[in-house]
Amino acid sequence: MLPVLAVSVRASVIYDFVGTGSAFTTATQTFAPEPVAFQLTLSDFVNPPLDGPIAAFPCAQFDSSTNCDPAFLGAVFSNQSAGGAFSAQLQFNATNGAGYIFYFPAGAFGAPGVYSANAPTPVFNSGTLTVQTPEPANAILMLLGLVCGSWYLRWPLLPAIHRFSRWRLGQKIQ
C-alpha cells in the first residue's frame with residue numbers, strides 16, 4: 001500500500017528591488033545619492049490600474065529593506081500613462097526625506113521577470129526590480145521523491161520484518 005500525501009502549497013510573489021536615488025537639490029536642501037532596496041513577499045501580484053489608485057506598503061511589511069523611512073509609506077506602486085512605455089512607477093520613500101521615483105516598463109509589476117528602471121525625466125534613478133514566483137512544483141516533487149525513496153529503502157527489509165512478526169506471534173519460523 002502506497003501512502004497518499006496531500007501538500008498544501010501557497011503561491012506567492014516576491015518583489016526584490018535595488019536602486020540608487022540620484023542626487024538632487026531643492027530650494028532648501030541638497031540630497032546626496034541614496035542607496036535604497038527592499039524585498040516584499042505578497043500572496044498575489046501588485047498591479048494597480050492605469051491612472052487609478054495606488055498600492056502602498058509600509059516599511060514594516062517588507063521582508064528586508066535599506067534606507068526605508070518608517071515615518072512614510074515605504075513603497076508606492078502605480079501605473080501612470082504619463083510614463084508611456086515606462087508607466088510602472090515605484091516610489092521609494094527614503095530615510096533622507098526624499099521620495100525617489102523609479103520608472104519600469106509597462107506591466108513590470110504583474111509578471112515575473114527582471115526589469116531595469118528607465119529615465120523619462122531629467123533626474124534618473126537607477127534600479128532593478130526582480131519579480132518572481134517560487135515554483136510550488138519543486139517542493140511537491142521533492143516531497144514525492146522522499147516518500148518514494150523511503151518506500152524503496154524499506155522494501156528489502158519487508159521479508160525480515162515479516163519473519164520477526166511471525167516469530168512474535170508464536171509461529172514457527174521456517
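Everything numeric here is computed off the predicted structure, so don't read it as measured data. Quick note: residue numbers are just sequence positions, from 1.
Going from atom CG of L50 over to atom CG of N79 covers 6.5 Å, rounded to the nearest 0.5 Å. Separating the OG1 atom in T128 from the CZ atom in F17 is a distance of 8.0 Å, to the nearest 0.5 Å. The CG atom of D69 lies 9.0 Å from the CZ atom of F92; values are rounded to the nearest 0.5 Å.
Sequence neighbours left out, the pairs with a member in residues 63-112 that pass disulfide bond (SG atoms under 2.5 Å apart) are C59-C68.
Using modelled atom types, no side-chain atom of N67 and backbone atom of V36 make a donor-acceptor pair closer than 3.5 Å. A distance-only check finds a donor-acceptor pair linking the side chain of N125 to the backbone of S22 [under 3.5 Å].
Applying the ring-ring contact (aromatic ring centres under 6.0 Å, His included) test to F77 and every residue at least two apart in sequence or in another chain returns Y15, F57, F109. Partners of S81 according to the side-chain hydrogen bond (donor to acceptor under 3.5 Å, both in side chains) rule, which considers only residues two or more places apart in sequence or in another chain, are D51.
Below 30°, between 30° and 60°, or above 60°: for Y100 and F102 the angle between ring planes is between 30° and 60°, a tilted geometry.
F45 and L40 fall within a single hydrophobic cluster, where Ile, Leu, Val, Met, Phe, Trp and Tyr are joined by side-chain heavy atoms under 4.5 Å apart, directly or via other members. Follow the hydrophobic side-chain contacts under 4.5 Å out from F62 and you reach L42 in the same cluster. Clustering ILVMFWY residues whenever any of their side-chain heavy atoms sit less than 4.5 angstrom apart, transitively, puts I101 in a cluster other than the one holding L73. Under the 4.5 Å side-chain heavy-atom criterion for ILVMFWY residues, no single connected hydrophobic cluster contains both I54 and Y103. Under the 4.5 Å side-chain contact rule for hydrophobic residues, F24 and L90 share a cluster.
The number of heavy atoms from other shown groups lying within 6.0 Å of CZ (F31) is above 12.
Considering every non-hydrogen atom in both N47 and G110, the closest pair reads ND2-CA, 3.8 Å. Considering all non-hydrogen atoms of both residues, A106 and S87 come closest at CB-OG, 3.4 Å. Pairing each heavy atom of T41 with each of S12, the nearest pair is CG2-CB, 4.0 Å. When all heavy atoms of V131 and A108 are compared, the pair lying nearest together is CG2-O, 3.5 Å. Here the closest heavy-atom approach between residue A23 and residue P33 is recorded as CB-CD, 3.6 Å.
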